[in-house]
Amino acid sequence: MYDFKKIEEKWRNYWQENNTFYTDVWDFSKPKFYALDMFPYPSGVGLHAGHPEGYTATDIVSRMKRMQGYNVLHPMGYDSFGLPAEQYAVTTGNHPNGFTEDNIKIFTNQLKLLGFDYDWSKEVRTSDPKFYKWTQWIFKKLYEDGYAKYIDMPVNWCEELGTVLSNDEVIDGKSERGGYPVIRKNMKQWVIDQAAFAEKLLEGLEEIDWPESTKEMQKNWIGKSIGAGVTFKIKDTNKEFKVFTTRADTLFGATYCVMSPEHELVDSITSKDKKEEVAAYKKECAKKSDLERTELNKDKTGVFIGAYAINPVNNDEIPIYISDYVLATYGTGAIMAVPAHDDRDYEFAVKFNIPIIQVLEEEIGTAKESEEKNKAIVAIVYDPKEKKYLTIKTKNNENVLIDEIREENESALNCALRSIIEKTGYTDLKLIEEKFKISYHYQYNKKNYHSEVTPVLFELQSEKRKDSNKENNIEWLSLEETQKQLKDELHIKSLEYILNPNAMSGDGTHINSEFLNDMKKQEAIDTMISWLEEKGVGSRQINYRIREWIFARQRYWGEPMPIVYLENGDIHVLDDDELPLTLPELEDYKGHGGKAPLENANDWKQYNHNGIKGVRETSTMPGSAGSSWYFLRYIDPHNDKEFADQKLLKHWLPVDLYIGGPEHAVGHLLYSRIWNRYLYDKGLSPVKEPFKKLVHQGMILGSNGIKMGKRYPEFVINPTDIVNEYGADTLRLYEMFMGPLEASKPWSDQGVEGASKFLDRIYRLYTSGKIKTEENKNLSKIYNQTVKKVTEDFETLNFNTAISQMMIFINAVYKEEVFPQEYAEGFVKLLNPVAPHITEELWEKLGHHKTIAFEPWPTYDESLLVEAEKEIAVQVNGKVRATIMINVNDEEDVIKEKALQEENILRHTAGKEIIKVIVIKGKIVNIVAK
RNA sequence: GCCUGCGUGGUGGAAUUGGUAGACACGUUGGACUCAAAAUCCAAUGGUACUUGUACCGUGCCGGUUCAAGUCCGGCCGCAGGCACCA
């Protein structure tokens, strides 16, 4: 085994002493490449197995780009504000800075052991005042431009952590860290208005090369919905309220309204006799934490408040309810409810016995000219004892449900009963429900009909029958059998309606809707909105789900807010020359009674500047503040005049490749886009989108296939152990060879062995004396193929297949006596990005005295990739029966002839007629024979 | 429930744009070297059958398009991640 310890240490020192990877950011003579890793939080436990994966990927690309002549920026730093350091401070009474620095040292040493080409002179730390000065400065700008605000709002409050949390820090009503319960509470809060950027953020997604799933997540998070605001007057008052709806077309089906319990009008419009009930319900809701609200959402609750709204389209008086299924924080906090066409409203209406008016009919078949109209039913009879459905067997041996055309003035119910008795004889039936009508177009005896069909459900009460000679054609089937047997679309749809306790929320044709009748959904929406605008009772409106980003935490270890509350009640933001506002040392780092720890800093809190007195804000910024812009600072990390020089930003942005875990899909990656977009709008960032290409590395699982973690400590892999046992090159090679970068994949100790063996094999080959300054034609094709494949695969981040190609090449070289110097050098360059230490050593052994890092990337000769002769497959009826050697220039008929002469082909075509011979040049021959 | 992605040997995974499924690696088996072992090198390795060359089967399941489907289309099943009363 080669002495990886000695070699790796030698080259680690070489790179450090020679400043090999220092990037001169002012050198604009070469094209730039900015490769970025998501910087880690320096926790006490050091790197885990997943870190080297993403970091090696960017390292490979940045090393290749450097060799291809780019000026590469590949920096690293630390997201060093955070909870573990805070807890350390609370328990020991020491300032968290020392703890943080110790951890950073451990991290840095581990990262250096792995041989990454980071330019450490560019390192940033979010907890460094020189860095957070500019975090505060950007916040200040956001405040001055009205994007950062101090408002009263409901927040996610976590009692155990003693702080407010943002939505993405709350999972299932529990805190992301620690899993403590989170409740809603009204508090005065510093927030950033994210919704103001919603449209720009959505537009930006169009132009970036990101995983589709991440873009989709951000889209959902932003949650744009286009609809209408509609004003409802309240009966017997001069008050009115507005609702938001995406289904303005269903206004004629609105049979009640719902306000959230927190709606400002509720108290003033509740009727006297309902006051008590309403107050009780409101109290109940206020008590509920978010957890309870989501856990109990199965069952709808609410109360009628005794007031009525006037539906603006038909002046109908409809009752107003309050219910916690309407959220105070979305839209206007009030809705119009259309139970026929909204699942939630349907559930509520059924429970509270509110009328359901259908205003759209689903369409089966297509409308034809001169249709005759009629009404009909589909009757479904269910036997609850046997759990079976009644069907009729037709002459064609098909099972159908009972259908019937209604006579004039006959109700659906009567028609259904009549038909069941006539066709089956059963008489003891109980009506369960009539479901939504279906618009059915059909042809019968060459005439076109348009039928309005009502599905009706009955339960069989007893076996009583009027007439039993129908015995032969009826059949009781289980639900599964019924669904399998039914062929008629109308019957299938009718059964589906009856089975599902849902509203009809799809598209259809309008009914019961005056001027909207016969229109489809979208046309009706547009028509209705125009109508509302004309009458002045509504307008087109867009809503976003994205809320304010709560930008303050009641914690110590974060950026202090540059905010002072003055004696006169004004808010003062610190002047530029007062920044950075640094954290004071404290006696006591614990917040008491939900107060921020900085409340304990009595001297620091008091503000007195040029005779102006006030008290400082004691909350600090959230963890994601610094990480929202750190990638800008790397470009010019020591600048104390501005957050980065504009000329440098212009040259280096956007980030060309950003790799990090998918867990940041909506948090960090959205916040960063917001901050950058804000700076772009102000002319302080040159690009709309900061990260041109984003890739998420998959998780590395334990060898048991389960996520590494505290649950199965025996399966946790520490990368430093692997480096000690096998070397950094082996670890890097193995992690890149495991599988596709984005996939989650289990660790395998034997896989590591394999990677180690491959490097050994290479080392032996290079020290075997086979390398000669001679040619070896046997290797020219495979060498050129390898250069091409590796280059392309590195570019597209398919490292596993690049490595497999390198293995194929080495296997081929082992079979040869002569390994030409030229190829040996080229191969070392190809391998260098993956295994930088051993390749530097081999490069030296090949007679070079300078680092390989800037050597030109190997090129390949396209003409050497194609061979004169090629083996292709010959198929008979799609099955491979032989392979033949062909000349690349062979004409089709030559190939055809060759194929037809093959012994095995003759055997398979014997006695058959050859119908067609398909020859795909250079690929395959397929003979169709019968 | 909705959105996104994924289902290929004993294992991790390859497979161009529809054109010889299983590259490469691990594991296993056999051989060489060795007093022996390790390491290394060589060979075999999807399943079944026999005569060792060939046949049949084979990319979650069912169906379709095509000369040809892991790949495209329709319908299921399963797994992973995300969202979840957003009107």
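These values consider heavy atoms only, across backbone and side chains, with no hydrogens, waters or symmetry-generated copies. Naming: A, B, ... by sequence-line order, numbering from 1 per chain.
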**Prompt:** Taking the six-membered ring for Trp, are A:F819 and A:Y766 parallel (under 30°), tilted (30 to 60°) or perpendicular (over 60°)?
**Reply:**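 Judged by the thresholds at 30° and 60°, the geometry between A:F819 and A:Y766 is perpendicular.
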Does a side-chain N-to-carboxylate-O contact under 4.0 Å join [X] and [Y]?
X: A:K745; Y: A:E53; value: yes
X: A:K788; Y: A:E862; value: yes
X: A:D526; Y: A:K521; value: no

Using the [atom1] atom in both, what is the distance from [N] to [M], to the nearest Å?
N: B:G63; M: B:U4; atom1: P; value: 27 Å
N: B:C76; M: B:A87; atom1: C1'; value: 32 Å
N: B:U48; M: B:U11; atom1: P; value: 15 Å
N: B:A15; M: B:G22; atom1: P; value: 13 Å
N: B:G60; M: B:C41; atom1: C1'; value: 41 Å
N: B:A68; M: B:G58; atom1: P; value: 16 Å
N: B:C57; M: B:A39; atom1: C1'; value: 41 Å
N: B:C72; M: B:U65; atom1: C1'; value: 8 Å

Just the table, please: protein N/O against nucleotides 45-55 of chain B N/O, every pair under 3.5 Å.
unit_1 : atom_1 : unit_2 : atom_2 : d
B:A55  : OP1    : A:R881 : NH1    : 3.2
B:A55  : OP1    : A:N904 : ND2    : 3.4
B:A55  : OP1    : A:H908 : NE2    : 2.5

**Request:** Measure the CG-NE2 distance between A:L360 and A:H341 for me, rounded to the nearest 0.5 Å.
**Result:**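 These two atoms lie 5.0 Å from each other.
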**Request:** Take A:Y330 and A:S260, measure what side-chain contact (heavy atoms from CB on, under 4.5 Å) needs, and give me the verdict at the end.
**Result:** CA-CA 10 Å; A:Y330 183 77; A:S260 73; over 6 Å; no
**Message:** Under the rule for side-chain hydrogen bond (donor to acceptor under 3.5 Å, both in side chains), what residues qualify as partners of A:T231, not counting sequence neighbours?
**Reply:**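 side-chain hydrogen bond (donor to acceptor under 3.5 Å, both in side chains) check on A:T231 returns nothing, list empty.
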**Message:** Can you list everything that forms a side-chain hydrogen bond (donor to acceptor under 3.5 Å, both in side chains) with A:R907? Sequence neighbours excluded, please.
**Reply:**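 Residues passing side-chain hydrogen bond (donor to acceptor under 3.5 Å, both in side chains) with A:R907: A:N904.
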**Prompt:** Do we get A:K770 above A:Y814's six-membered ring, with its NZ or CZ under 6.0 Å from the centre and within 45° of the axis?
**Reply:**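 Satisfied, under 6.0 Å and within 45°.
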**Prompt:** So, is the end of the A:K300 side chain (NZ or CZ) under 6.0 Å from the ring centre of A:Y325 and within 45° of the ring's axis?
**Reply:**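 Yes - A:K300 lies over the ring of A:Y325, closer than 6.0 Å to its centre and within 45° of its axis.
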**Message:** Looking only at side-chain N and O atoms, does A:N543 offer a donor or acceptor that is under 3.5 Å from a partner on A:S225?
**Reply:**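 No - no donor-acceptor pair under 3.5 Å links their side chains.
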So, is [X] close to the [N] phosphate, meaning a side-chain N or O under 4.0 Å from OP1 or OP2?
X: A:R764; N: B:C41; value: yes
X: A:K879; N: B:C57; value: yes
X: A:S225; N: B:A87; value: yes

With heavy atoms under 4.0 Å as the rule, sort [X] into base, sugar-phosphate or nothing.
X: A:T883; answer: base
X: A:N811; answer: sugar-phosphate
X: A:Q750; answer: sugar-phosphate

**Message:** Expressed as a whole number of angstroms, how long is the span from A:E347:CD to B:A84:P?
**Reply:**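 Rounded to the whole Å, the gap is 19 Å.
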**Asked** Between B:A38 atom C1' and A:K757 atom NZ, what is the distance in whole Å?
**Response**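 About 12 Å, once rounded to whole Å.
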**Prompt:** Would you write out the dot-bracket form of RNA chain B, 5' to 3', with Watson-Crick and G-U pairs under 3.5 Å, [ ] for crossing pairs, | for pairs to other strands and . for unpaired bases?
**Reply:** (((((((..(((......[....)))((((((.......))))))(((((..)))))..(((((..]....))))))))))))....
**Request:** Among B:C24, B:G19, B:G82, find the nucleotide with the atom closest to the side chain of A:M807.
**Result:**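 For the A:M807 side chain, the nearest candidate turns out to be B:C24.
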**Asked** Nearest to the side chain of A:K815, which nucleotide is it out of B:C67, B:A43, B:G82?
**Response**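 Nearest to the side chain of A:K815 among the choices is B:A43.
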Review item, nucleotides 10-13 of chain B N/O atoms under 3.5 Å of protein N/O:
unit_1 : atom_1 : unit_2 : atom_2 : d
B:G12  : O2'    : A:M738 : O      : 2.6
B:G13  : O3'    : A:N800 : ND2    : 3.4

**Asked** So which pairs with a foot in residues 911-925 of chain A pass side-chain hydrogen bond (donor to acceptor under 3.5 Å, both in side chains), sequence neighbours left out?
**Response**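 side-chain hydrogen bond (donor to acceptor under 3.5 Å, both in side chains) check on residues 911-925 of chain A returns no pairs.
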**Any donor-acceptor N/O pair under 3.5 Å between B:C3 base and A:K219 side chain** =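 Check fails, no donor-acceptor contact within cut-off.
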